[in-house]
Amino acid sequence: MSQTQTLYAAFTGHLNAALDALEAAGTLPSGLNRAAITVEPPRDPAHGDLSTNAAMVLAKPAGMNPRALAEALVAELAKLPQVTSAEIAGPGFINLRVAADAWLDELRAFAALGSDYGRSAMGGGSTVNIEYVSTNPTGPMHMGHCRGAVVGDALASLLEFAGHKVIREYYVNDAGGQVDVLARSVHIRYREALGEAVGEIPEGLYPGDYLVPVGEALAKEFGDKYAKAPESDWLVLFRQRAVAAMLTMIRADLALLGVEHDLFSSEAELQAKGKPAEAEKWLRAHDLVYDGVLEAPKGKTLEDWEPVELPLFRSTKFGDDQDRPIRKSDGSWTYFGADLAYHYQKAETADALVDIWGADHAGTVKRIKAAVAAMTGAKGKETPFEVKLVQMVQLLRNGEPVKMSKRSGNFVTLADVVSEVGKDVVRFTMLTRKPEAQMDFDFAKVVEASKDNPVFYVQYANARICSTIRKAAAEGLAPSGEALELLGEEELELIKIAAQFPRLVEAAAAAREPHRIAFFLHDLAAAFHSYWNVGNDRPEKRFIVAQNGNLTGARLFLAAQIGQLLRNGLALLGVEAVEEM
RNA sequence: GCGCCCGUAGCUCAGCAGGAUAGAGCACCAGAUUCCUAAUCUGGGGGCCAUGGGUUCGAAUCCCGUCGGGCGCACCA
C-alpha cells in the first residue's frame, strides 16, 4: 500500500496528536470522546482552508471554556510547518490556513493514487452483504424497481471503495403463490402456442405478452404432452421453466442499467434445505415462537376468517402490533418464516447485512430486524442489519399518474425508459436525491429534459479535460508535475474542492448514502467549468499557454487529475465517463 | 385508529451524525463565443426551512404536539 496520505486524513491525525499533547501536558483531561470532532472546510472560504469544532465539542466534557481550549489547541496546531495561520472564530471554531505546498502535495497525491484516490480502509475489510432488487420473478423490471436497483448498486460500489468486501445479492422469491400463478399463466401461453384459442387471459393471471415466448419454448420442447394434463403433472416443471425465463429477462434488464449481482439466492432452495425449519426450532427453544391463535382482523370483515392455531413469532415484543405467523395453516412457510431463515443464513457469510427495500415493505422491518437480532445475537454478537427503505417512485405521464400493475400488464418497463433516455440519465436521476424521499418520475418530462440532465454537466467536464489533453498532445505538450509551483490561487481552489473526495467517500459510505457522491461530482464539475471559462476573458489563464511550456504542463497535470477524480466518482455511480461529447 | 417516510426558492431537490450570512439545477431577467468543445460561464430577482412548543452557547438538522402528502397495517409477497 502506498504511503500517500490525503490531506484531510493527515490533518485529522495532526489534530489528534495535538489533543494528545494537551492531555500529556495536563491541559486537557484524558479519555474524552472525540467521535463528534470534525475537520472540514469552513462554509465560508474566507475563514480559511480547514476548520475544526474540536474546542467546542470538548469544552463541556473537559469543564473548560471553549475559547481557552481553542487557544491551547491553536498553539499546538500552529507548530505544524504546513499551517500558515491558525485562528479562533465565533464560538470556538479553529480555522487553519494551509500553505500552497500542502495543496500541491495533495495534487501529487491525486496523481500517485490515480483511480485509488478516495479509496478508504474504513471498512477494515469486513464483509457487507447488500441485498437489492429482489423483485418477484414474474415479469420484466418496471420503473418502480429501478430506484432500488440503482441505489443498491451504487451503494455496493461505494462500500467496496470504502474498504469493505461486498456481496451483491438478489433474493429470488420462487416459492410462493405468485410463482404458481406465473406457471398457470405460462400454461395458457403454452396451449396457445399449440394452436388452441385461449381468448382473454383470465382475471388474476399475468396477461403480459412477455410470457408468449416462454409458452412457445415449452410447446416446442414438450409438444402437447401437458396440454390436457392435470395441473399436478406440470405445475412444478412449468414453474421452474417460467422462473428461469423471468430471471433471464430480469438479468437482461439489469444489465441495461449496468447492475450486476454476485449471487442469486433461491427461496425454494432455502426451503428444500430445511433452513426455515431449523430457524423455527431455534426460535421455539428460545420462546420466540409459540403456537397461538390470531385475533380476527380489525377494520375489515373477511368471510372466510376463522380462528386457527399457528406458529407465531413474538413480534409484539419488538414493537409490532401483532405476533406474526411463520407458517400457514397448510404447513407451508409464510414469506416471513422463510425470510428470517434466509437472513440468518446470510448473516453466517457476512459481518453486516444491508437490505434495500421498497417503502411498501416498511411494515415488516421491525419484525425481521427483531428476528435477525435475536438469532444472530445468540451466537455472541449480533450481526448488524440495516434496512434501507427506498421510497416509491410516482410514475407520471404528462402529469397524469400511471397506475402500474404486473397483473394488469400495464406498466412502464425499465427497458423502455433506458432505451429512451439512456442508462446514465436514469442512474444519475435516481442518485441525485436521497432515497427516503418520494420522487416523481415523469416519463415525458425526463425524456424531454434528458438533454439538460445534470449527468451531462459532469460528463462534459471530463470530456473537456480529455479534449484539452488531446489538443495539447497534438501540439507536443503533455501534463507534467515538474513545475506545479507555477499554479496560482484559481488552480488551488480547484484542488481544495477535489481534496474533499476522500472524506466525502467515507461520510457517504458510513451513512449509506451514495447520492452524496453525485452532488460532489456536480460541485467539482462546476468548479472546473468555472475555472475553464476564466480563460475566455483572460487568455493567460487557459490550460494551454503556448509560450509557456512549464505552466501548460502544470495546468494539464491539474486537469488530468481532476479528470481522474471525476472518473473515480462516476465509476462509483456506475455512470460512463465519456471522453467526447 | 396504529406504524414508517417526507414537508427547504415558482418547480425538482441538496444541506455532509447541531455550527458561522440557508445552497444548486430548471424556469425568468441581463450579459459573455476573432478563444483549449457555449452540453459552458458571469450577474440579478426570488425563502417565517409546513406549524407550535422544548433541549443548549447555537436548531433546517435532535425531542414532543399539530397540520399536510405518501406507503403499509393478510396465513399475500
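It should be emphasised that the depicted structure is a prediction, and the values quoted were computed from it without experimental measurement. Labels below follow one simple rule: chain letters A, B, ... track the order of the sequence lines, proteins then strands, and each chain is numbered from 1.
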Nearest-Å distance once atom [atom1] is located in both [N] and [M]:
N      : M      : atom1 : result
B/rA24 : B/rU8  : C1'   : 13 Å
B/rC64 : B/rC5  : P     : 11 Å
B/rG7  : B/rC16 : P     : 12 Å
B/rG70 : B/rC63 : P     : 24 Å
B/rA60 : B/rG15 : C1'   : 8 Å
B/rA59 : B/rC48 : C1'   : 15 Å
B/rG43 : B/rC4  : P     : 45 Å
B/rA22 : B/rA50 : P     : 15 Å

[X]/[Y] aromatic ring centres below 6.0 Å:
X        : Y        : answer
A/Phe336 : A/Phe313 : yes
A/Phe543 : A/Phe528 : yes
A/Tyr457 : A/His529 : yes

Are the ring of [X] and the six-membered base ring of [N] within the stacking cut-offs of under 5.5 Å and under 30°?
X        : N      : answer
A/His361 : B/rG72 : no
A/His522 : B/rA14 : no
A/Phe93  : B/rG19 : no

Please evaluate the base of [N] for a donor-acceptor partner in the side chain of [X] within a cut-off of under 3.5 Å?
X        : N      : answer
A/Ser467 : B/rC36 : no
A/Asp174 : B/rA77 : no
A/Ser51  : B/rA20 : yes

Can you work out whether A/Asn173 or A/Thr468 has the more 5'-proximal nearest nucleotide on RNA chain B? A/Thr468
Please tell me which of A/Leu389 and A/Trp333 maps to the more 5' nucleotide of RNA chain B, matching each residue to the nucleotide holding its nearest heavy atom. A/Leu389
From the options [options], select the nucleotide whose nearest atom is closest to the side chain of [X].
X        : options                : result
A/Gln391 : B/rC5, B/rA77, B/rG15  : B/rC5
A/Phe519 : B/rA32, B/rC13, B/rC73 : B/rC13
A/Asn136 : B/rC36, B/rA77, B/rC16 : B/rA77
A/Met581 : B/rA39, B/rG70, B/rC13 : B/rA39
A/Lys434 : B/rC75, B/rC5, B/rG7   : B/rG7
A/Phe543 : B/rU56, B/rC36, B/rC71 : B/rC36
A/Lys366 : B/rC4, B/rU42, B/rA39  : B/rC4
A/Gln438 : B/rG69, B/rC41, B/rA77 : B/rG69

Respond yes when some side-chain nitrogen or oxygen of [X] is under 4.0 Å from OP1 or OP2 of [N], and no when none is.
X        : N      : result
A/Arg464 : B/rA38 : yes
A/Tyr8   : B/rC16 : no
A/Lys328 : B/rA77 : yes

Look only at the side chain of A/Arg367 and the backbone of A/Arg324, and say whether a donor-acceptor pair between them is shorter than 3.5 Å. no
With a 4.0 Å cut-off on N to O distance, would you call A/Glu280 and A/Arg327 a salt bridge? yes
Pair A/Asp291 + A/Arg284, salt bridge at N-O below 4.0 Å: yes
